[in-house]
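Because the structure is a prediction, the values reported are computed rather than measured. The figures here come from the full heavy-atom set of this structure, side chains too, leaving out hydrogens, waters and symmetry mates. Chain A is the first sequence line, chain B the second, and so forth, proteins listed ahead of strands; every chain is numbered from 1.
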Number of protein chains: 4
Amino acid sequence: MSASSTASAVDASEAAPARGAGRPRSAEADAAILAAAIEEFAEHGYEGLRVGAIAERAGVAKSTLYRRYPNKTDLLQAALWQARSTDPPVPHTDSLEQDLFVVVRRLRDTFASDDIGRLIPTILEAGSRHPEFASAHREYITERRRGGLERVAAAITDGDLPDDTDVQLFMDMAVGAIFYRSFVSGAALDDDTLHELVRQTLRAHRR
Amino acid sequence: MSASSTASAVDASEAAPARGAGRPRSAEADAAILAAAIEEFAEHGYEGLRVGAIAERAGVAKSTLYRRYPNKTDLLQAALWQARSTDPPVPHTDSLEQDLFVVVRRLRDTFASDDIGRLIPTILEAGSRHPEFASAHREYITERRRGGLERVAAAITDGDLPDDTDVQLFMDMAVGAIFYRSFVSGAALDDDTLHELVRQTLRAHRR
Amino acid sequence: MSASSTASAVDASEAAPARGAGRPRSAEADAAILAAAIEEFAEHGYEGLRVGAIAERAGVAKSTLYRRYPNKTDLLQAALWQARSTDPPVPHTDSLEQDLFVVVRRLRDTFASDDIGRLIPTILEAGSRHPEFASAHREYITERRRGGLERVAAAITDGDLPDDTDVQLFMDMAVGAIFYRSFVSGAALDDDTLHELVRQTLRAHRR
Amino acid sequence: MSASSTASAVDASEAAPARGAGRPRSAEADAAILAAAIEEFAEHGYEGLRVGAIAERAGVAKSTLYRRYPNKTDLLQAALWQARSTDPPVPHTDSLEQDLFVVVRRLRDTFASDDIGRLIPTILEAGSRHPEFASAHREYITERRRGGLERVAAAITDGDLPDDTDVQLFMDMAVGAIFYRSFVSGAALDDDTLHELVRQTLRAHRR
DNA sequence: TAGTAACCGAGACGGTACGTCTAGTCTTGTC
DNA sequence: GACAAGACTAGACGTACCGTCTCGGTTACTA
């Protein structure tokens, strides 16, 4: 998958029409393809994914599919990207600990989901192999971290954390642990563990 | 791939000869195949891995390869298992902080190295797609963590950490942050940062 | 392709306009399409003929092309028909032998020419696969033979050849030999050979 | 089709085994493929020829087929070449005219046959486009002409034709006429016509 | 020392998905 | 209406690669 094609696929769903000459691409086909890709992926997994099956399920010719995505990987990537849900705002209650718990629980659930969860290592690997790819990846990660980051920054303003708190490292310790257990060690990540994680992260930075 | 076949493949390299009649298997071929598999895996990733390429690189016929491993996945698994390296012992000085710094620095350097470092996201990705992969991978990780884990456990015995310290979580917060910055965010990981990381991890668990 | 559609396509270039409402068809497009078709056909043969390439070469949209001809075969047929050239008249001097020599030399030169000469085997091949092609092709051939045929017929009237001469066979022996050497055996066809050919053809039919 | 691949295909059926390492190609597959190709060609013509259909009919994987022939055209060429029948010897009776009649009738029948007849224009066209191809073609033609040529040469020895007869031109006039009528004009070629053709060719060269 | 069982290299084989390509049709907006 | 542009359906093509198989030939143990 090339970064450019991904970018265009991503833009397509959001950018202005910018219609040129000729018959416009069928929006129905767009949607049907992505939906079919998600469904086939869910049913057969990555290894069992067949381009022909996606096209058939979408009720579309294979060439219609290849006009949009240069290959199977790109297609799947776009489908999963489009299927991502936008994060709800991070709560800001009186309890910093409780708010951070919401953040990490949400992260755990995302990582544990079938679609995004399976996608992340793939993106990581692509990024490690094609540096230009890593940026798209980082963009996504940065986005998902923002809510938590802002809550921590607010905690400093509120006086809940010292002024010189390293906000990034604060988050990296919490997120890193979840990431690590989700994708590397596979160790348990139940709510109690998450609570403990938040507590310790806070204790590490408070004085 | 079945667990049993994996086990036998793994054992094969270490079990007793149990020689029967006929020409024995070439030990050179054994080694060449595993080495070639690792190299091809590192170069092309799981998706780009070609059995034919491994055979060719090993200077061996494809059938020689399939006589040893029932399929591509098993072969790769065996290769990765065999390629695991043994860590030097973790120091145990008077300074827990200093000893842990050695552990995390070693980890950072490993992740930053050309060979292992580049392999890890690939292994991760392969593991996410092929669950049977993940277990081999986890075993490897567990092994590499043991040194650090033991040092933390000793710290409890020494009275440097409370008795009820969650050793696993302790390590996951430190290792997770390094992992995250190495492979995900790409943020800085200089020695100062590592020191700070160790300090905060300790502070989080001490009372 | 049906015979009727061919006929209409052929007629189209010569029939009265019969203008209805709306924008009239572009005469420039008409010409450009046929010219482009001939050129593409000469360059790539029937098998290598791409409708898209013809349209592009003609500077015309594919739909403009399909508005005129129902399919590739019909288009090519119309193009070849339109591209037929008219021969100069066959001389009628006192010397039948000399006149026939002019005919066969002209034929040889045509076959040896870059444009027509290279086109003929291609047309032949297309005709062998697409019978509807063969007829158009035969009409063309018949046309080009007429001059020579008439000269031979005149020779009978003049008393230079017997009344019962098989005019067609007479021509076929001469033309066939030239055709054969030009496109099949590649044997020499210098003026001496042509003279000898004419002489023998005449001797064969005179008594 | 490349000349080399054709040559190898042709040689394969006649050359020595020359077995190298590895599993030898299945002779059954060889035969089944060629047979299936001929049958599919006969049933659906060139345009309707599907590689997949040939493979299926031959009970062979498509890859087995492509291992032998680089493309559809080459395969068909080989199939038709292999299906060619060897000419029986040209008779040498007291009647030169009668013997030559056998030759030309045989030629006419060959040209009129479905397989060879349809093949010749294709070969011609390929030869005109790829000069290196023309040689294979000429070889075939030369072979088929030899019988007739030898009979004419014998006629000179026998005193049936003058010593200075141009044997090649003699044949070209007869063969050319048949060629021309078979592939170009499509004019009748019944036995009477052939008799007349032979008679005139003889008259042309006798004194 | 001869057999013989299992190995080895080489490469063909069945099967199957991929991504490409083309013909002919359809759908836009523009002239 | 014609036209340019280009998307669309349908389906064949030729490639790639896996895991299996079939050869000729080799290598060590065993009778």
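- The side-chain heavy atoms of C:R25 and C:R67, taken from C-beta on, include a pair separated by under 4.5 Å.
- Protein atom OH of D:Y66 is 13 Å distant from nucleotide atom P of F:dA16, rounded to whole Å.
- When distances are taken from the side chain of D:R68 to each of E:dC13, E:dA23, F:dC18, the shortest belongs to E:dC13.
- Inter-residue side-chain proximity for B:E40 and B:R57 is flagged as met; some heavy-atom pair is nearer than 4.5 Å.
- Side-chain proximity of B:N71 to the nucleotides E:dA12, F:dG14, F:dG19 is greatest for F:dG19.
- Put simply, CD on B:E47 is 14 Å from C1' on F:dA16, counting in whole angstrom units.
- At whole-Å resolution of the value, OH in C:Y69 and C1' in F:dA2 are 15 Å apart.
- D:K62 contributes a side-chain N or O that forms a donor-acceptor pair with the base of F:dG14 under 3.5 Å.
- Remark: P of E:dT25 and NZ of C:K72 are 14 Å apart, rounded to the nearest angstrom.
- Between the P atom of E:dC13 and the CD atom of D:E56 lies a distance of 18 Å, rounded to the nearest Å.
- The CD atom of A:E28 sits 11 Å away from the P atom of F:dT9 (whole-angstrom rounding).
- A donor and an acceptor atom, one from each side chain of D:T122 and D:Y46, are nowhere located under 3.5 Å apart.
- When every heavy atom of B:L49 is checked against every heavy atom of B:L76, the shortest pair comes out as CD2-CD2, 3.9 Å.
- At a threshold of 4.5 Å between non-hydrogen side-chain atoms, the residues A:L75 and A:R68 do not count as touching.
- Atoms CG and CD, from A:N71 and A:Q77 in turn, are 9.5 Å apart once rounded to the nearest 0.5 Å.
- Within the nucleic acid shown, C:T64 comes within 4.0 Å of sugar-phosphate atoms alone, with no base atom in reach, counting heavy atoms only.
- When rounded to the nearest whole Å, the span between CG of A:L65 and P of F:dA10 equals 14 Å.
- In this structure, B:L49 reaches the sugar-phosphate backbone alone: every heavy-atom distance under 4.0 Å involves primed, P, OP1 or OP2 atoms, never a base.
- Once rounded to the nearest 0.5 Å, the distance linking CD1 of C:I123 with CG of C:L80 reads 5.0 Å.
- Between B:R67 and the phosphate of F:dC21, there is no side-chain N or O to OP1/OP2 separation shorter than 4.0 Å.
- Of the two residues near DNA chain F, A:A61 and D:A53, the one whose nearest nucleotide lies more 5' is A:A61.
- Distances from the side chain of D:R25 to the nucleotides F:dC8, F:dC18, E:dC13 place E:dC13 closest.
- Side chain A:S63 to base E:dG19: no donor-acceptor pair is found below 3.5 Å.
- B:E43 CD: more than 12 foreign heavy atoms inside a 6.0 Å radius.
- Taking the nucleotide of DNA chain E with the nearest heavy atom to each of B:A27 and D:S26, the more 5' of the two is matched to B:A27.
- Within 4.0 Å of C:G48, counting heavy atoms only, lies no atom of the nucleic acid at all.
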Close N or O pairs between protein and nucleotides 28-31 of chain E (under 3.5 Å):
residue	atom	partner	partner atom	Å
E:dT28	O3'	A:R19	NH2	3.4
E:dC31	O2	C:R23	NH1	3.4

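- Regarding B:L76, its CG atom lies at a distance of 17 Å from the P atom of F:dC17, rounded to whole Å.
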